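Letters A, B, ... mirror the listed sequences (proteins, then strands); counts begin at 1. Since this is a predicted model, take the numbers as computed values, not measurements.
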Protein chains: 2
Amino acid sequence: MAVSYERIAGELRTAIRAGRLRPGDRLPAETELAERFGRSVPTVREALRALRDEGLIEKRHGIGTFVRRERALARRTNLRHQWEKDRSRRPVAQRAMTGATEHDTGLTANDLVFWARYREIPAGGDISAVLGVREGAALLERSYRTRHATESAPFGLVTSYLVRGMIARNPDLLDETKEPWPGGTQSQLHSVGIELDRIEERVTARPPMPEEAEELELPPGTSVLVLRKISYATDGRVVDVTDVVLPGDRTELLFTTPLERW
Amino acid sequence: MAVSYERIAGELRTAIRAGRLRPGDRLPAETELAERFGRSVPTVREALRALRDEGLIEKRHGIGTFVRRERALARRTNLRHQWEKDRSRRPVAQRAMTGATEHDTGLTANDLVFWARYREIPAGGDISAVLGVREGAALLERSYRTRHATESAPFGLVTSYLVRGMIARNPDLLDETKEPWPGGTQSQLHSVGIELDRIEERVTARPPMPEEAEELELPPGTSVLVLRKISYATDGRVVDVTDVVLPGDRTELLFTTPLERW
DNA sequence: GAGTGGTCTAGACCACTGT
DNA sequence: CAGTGGTCTAGACCACTCC
């Protein structure tokens, strides 16, 4: 290879893939690598940065550079939607026991810390187009965070948009102190007579924005999954748009598509 | 901010988000930015690297640094699976007209260039576990690339694994020169009497490996979507595992979940 | 040829961590 | 305290692109 930082990165990459360097292992210090490869420290740092950008290593200031471990996956399945719909007609006491996050993760409510914030905002940009309302229409913006009780980073950054006029019949739906609502958004919509017909989820991936990296505690060299969930009522209206940002290295989205039998 | 490259990155980021720098605009040269901010060129380069890692800018050697434009999205929907199943019993002539990629993208077969390579390999690692066969069992590994006729990068990197013993009844299925098979994998399985019951798709995101970045022509500062598709036959067996690597910045996965009516 | 970003040197000093 | 990575300087020369 013409470029010497690529040669250094290549040798280390090969060692990691071959298992000569195992997850959790510490790499030699930058000064030592520089000496060993006969290059300057900045050149070695360039090589390490390339490996970090591939998600292979992780640097810890003042400690060293380590081969990255696989993260435990949090799973989110689309079966949750039917499950939530079924629950939304059940008694409150039964709904209160567990929510969709518990359904997906297998955890109980005691393991989880929940947080919600409501704001009323005018519809703008693509949200108004998706919801089919005019620009400036009154929306309810709901931000959610759920995290494991023993960790500081949430599972994801969730923002949901509802049309205020559709739900104002039930004032409790405008009150964030009523969260967590037993049974989730489908139960809330049910309380104002809205039944869902289907849910669309659009998924893309990109590097995190700095604010997202901070809140999700993402190390450099990771990606986020960006999911937009669109809920359609039985009358065809879009009744909810939810944007979710999830850490790509510790989230697995599972979609099951049943097929009609012959 | 304590760190001056962060201050430089912050000012440029704000300018981009506010629209003072628009997609496609060229940023000042590194030497000019260095002078303007009163820092050295390497410090400016550090700031630009941070913005590139966020996907905000794109550097072109010998030309300059530009605000990145949004990419045109290629969409892939899970409705394709039922569509493919319906087609797999239709006459060959009808199946030959369009495939799933055409279904998703709205393009015609003339717009697309298709490529396939078959290999027989022993089952290893997680693939044998998912397919439910012993390690070392004979598998057919099929690699696919589809690209737009006017572009050089494929839509994605597709590798499918079939159990050789399940499909050997039809020797055509072992022959890569028979590709593209009219109607796709479900038609191939149908030719040996296999009907699918459901499809599971698992989605995660991560930075690309160097080989993936090269083949998909991904600039630094992008992510890939990693999709594993698992096909279940009506008898409960896993009959196909397909791994797909897609460019995160120009792919949208669309999943529709229908809900039972009350 | 002029201008751009890419690679590299050989240091300096700072900030963080564990002992 | 010693050792680590983080930031920064002030250059040098190379590779690429456009004119």
Calculate the interatomic distance between R52(A) atom CZ and dG5(D) atom P; express it in whole Å.
13 Å
Under 4.0 Å: is that the gap between some side-chain N or O of K59(B) and OP1 or OP2 of dG6(C)?
yes
Does dC8(C) have its OP1 or OP2 closer than 4.0 Å to a side-chain nitrogen or oxygen of S4(A)?
yes
For dG6(C), take OP1 and OP2 only and decide whether either is under 4.0 Å from a side-chain N or O of R45(B).
yes
Looking at R80(A) and D104(A), is there a salt bridge between them, counting it only when a charged N and a carboxylate O are closer than 4.0 Å?
yes
Rounded to whole Å, CD of E35(B) lies from P of dG3(C) at a distance of 14 Å
Expressed as a whole number of angstroms, how long is the span from E30(A):CD to dA15(C):P?
17 Å
Nearest-Å distance for atom pair CD1/P, residues I63(B) and dG3(C)
16 Å
Residue mapping more 5' on DNA chain D - nearest nucleotide basis, H61(B) or T43(B):
T43(B)
As a quick check of understanding, evaluate salt bridge (Lys or Arg N to Asp or Glu O under 4.0 Å) for E252(B) and R202(A), giving each step before the final call.
CA-CA 6 Å; E252(B) 180 181 80; R202(A) 294 159 191 273; 3.1 Å; yes
Would you confirm whether T14(A), through its side chain, and G10(A), through its main-chain N or O, come within 3.5 Å as a donor-acceptor pair?
yes
Whole-Å distance separating the CD atom of E46(A) from the P atom of dG5(D)
16 Å
Among the candidates dT9(D), dT4(D), dT9(C), find the nucleotide nearest to the side-chain atoms of P42(B).
dT9(D)
For F66(B) and dC16(D), what is the distance between atoms CZ and C1' respectively, to the nearest whole Å?
13 Å
Could you tell me whether E70(A) atom CD has more than 12 heavy atoms of other residues or ligands within 6.0 Å of it?
no
Protein-nucleotide distance (L48(B), atom CG; dT7(C), atom P), rounded to Å:
14 Å
Contact class for R49(B) (heavy atom, under 4.0 Å): base, sugar-phosphate, or nothing?
nothing
Result for side-chain contact (heavy atoms from CB on, under 4.5 Å) between R228(A) and one of V244(A), V203(A), V130(A) points to V130(A)
Roughly, in whole Å, what's the span from CD in E6(B) to C1' in dA15(C)?
13 Å
Using OP1 and OP2 only, check whether a side-chain N or O of Y5(A) sits under 4.0 Å from dC8(C).
no
What's R39(A) touching, base or sugar-phosphate or nothing? Going by heavy atoms closer than 4.0 Å.
sugar-phosphate
